[in-house]
Peer 1: 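Before I ask anything, here is the structure I am working with.
Heads up: numbering here begins at 1 and tracks the sequence.
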Amino acid sequence: MNDQQFVISPDAVETIVTDWTTAKIMCDPHISRVQGMGAVDLVFEPGQGHFRHNHTDAEQIIYVISGHGTHTSELPDGTSVVEKVSAGSLIFIPKGVYHSTMNAG
């Protein structure tokens, strides 16, 4: 991305394929001029998701396009908060927060 570009096309970024997801990192400090946030296009098959992890260098937003499942965030005291997500849900993950998201269908 250059200083005159504001739109990132899915065709312009790498496609990452694993046994549990197909992913495209659409926006992070290494791809665009954004600071402190990231955006990833993830496709999870039913029963799949991303397991507990955190991002120490950026906040993250997950927008659910289809399906339903659960999102788990870990509070500073170690308590887990499990919330249902479905098409149209937007998940905000603060920098450093451990989280996971699973597709139930």
Peer 1: Has His71 got a side-chain atom pairing as donor or acceptor with Ser100's backbone, closer than 3.5 angstrom?
Peer 2: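 Yes; judged by distance alone, with no hydrogens or angles, the pair exists.
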Peer 1: Do the side chains of Tyr98 and Trp20 join up, straight or via other hydrophobic residues, at under 4.5 Å, putting them in one cluster?
Peer 2: no
Peer 1: Rounded at 0.5 Å granularity, tell me how far OG in Ser89 sits from CD in Glu83.
Peer 2: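 Those atoms lie 9.0 Å apart.
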Peer 1: With a 4.5 Å heavy-atom cut-off, do Ile62 and Thr101 have their side chains touching?
Peer 2: yes
Peer 1: Going through the checks in order, is the side-chain contact (heavy atoms from CB on, under 4.5 Å) test met by Ile8 and Val13?
Peer 2: CA-CA 8 Å; Ile8 300 169; Val13 297; 3.8 Å; yes
Peer 1: Taking side chain as C-beta onward, heavy atoms only, is Met26 less than 4.5 Å from Pro10?
Peer 2: yes
Peer 1: Check whether any side-chain heavy atom of Leu90 sits under 4.5 Å from a side-chain heavy atom of Ile61, and report yes or no.
Peer 2: yes
Peer 1: Main chain of Thr79, side chain of Asp77: is a donor-acceptor contact present, judged purely on distance under 3.5 Å?
Peer 2: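 The answer is yes, because a donor-acceptor pair under 3.5 Å joins these two groups.
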Peer 1: Taking Thr56 for the side chain and Gly96 for the main chain, is one N or O donor matched with an acceptor at less than 3.5 Å?
Peer 2: no
Peer 1: To check you understand the geometry: which heavy-atom pair defines the closest contact between Ala87 and Ser66, and what is its length?
Peer 2: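 Scanning both residues, the minimum pair turns out to be CB-CA, 3.9 Å.
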Peer 1: Is it the case that more than 12 heavy atoms not belonging to Leu75 sit under 6.0 Å from its CG atom?
Peer 2: yes
Peer 1: Would you mind checking if Glu14 and Lys24 are paired as a salt bridge, meaning a charged N to carboxylate O distance below 4.0 Å?
Peer 2: no
Peer 1: Does the side chain of Ile25 come within less than 4.5 Å of Ile16's, by heavy atoms?
Peer 2: yes
Peer 1: Are His99 and His55 packed together at the side-chain level, in the sense that at least one heavy-atom pair is separated by less than 4.5 angstrom?
Peer 2: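 Side chain of His99 against side chain of His55, heavy atoms only: contact under 4.5 Å found.
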Peer 1: Before you tell me yes or no, could you show the steps for Met102 and Phe51 under side-chain contact (heavy atoms from CB on, under 4.5 Å), namely the whole-Å CA-CA distance, both residues' side-chain angles and the distance that decides it to 0.1 Å?
Peer 2: CA-CA 8 Å; Met102 301 301 291; Phe51 296 96; 4.1 Å; yes
Peer 1: If we ignore hydrogens and angles and just use 3.5 Å, is the side chain of Asn103 paired with the main-chain N or O of Gly49 as donor and acceptor?
Peer 2: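 It does not hold such a pair.
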Peer 1: For the atom pair CZ (Arg52) and OG (Ser73), what is the distance rounded to the nearest 0.5 Å?
Peer 2: 11.5 Å
Peer 1: Is any side-chain heavy atom of His50 closer than 4.5 Å to a side-chain heavy atom of Leu42?
Peer 2: yes
Peer 1: Ignoring hydrogens, what is the shortest heavy-atom contact between Val85 and Ile91? Give both atom names and the distance.
Peer 2: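 Shortest heavy-atom contact: CG1-CD1, 3.8 Å.
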Peer 1: Look up atom CG in Asp19 and atom CD in Glu45, then write down how far apart they are to the nearest 0.5 Å.
Peer 2: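 It is 11.5 Å, given to the nearest 0.5 Å.
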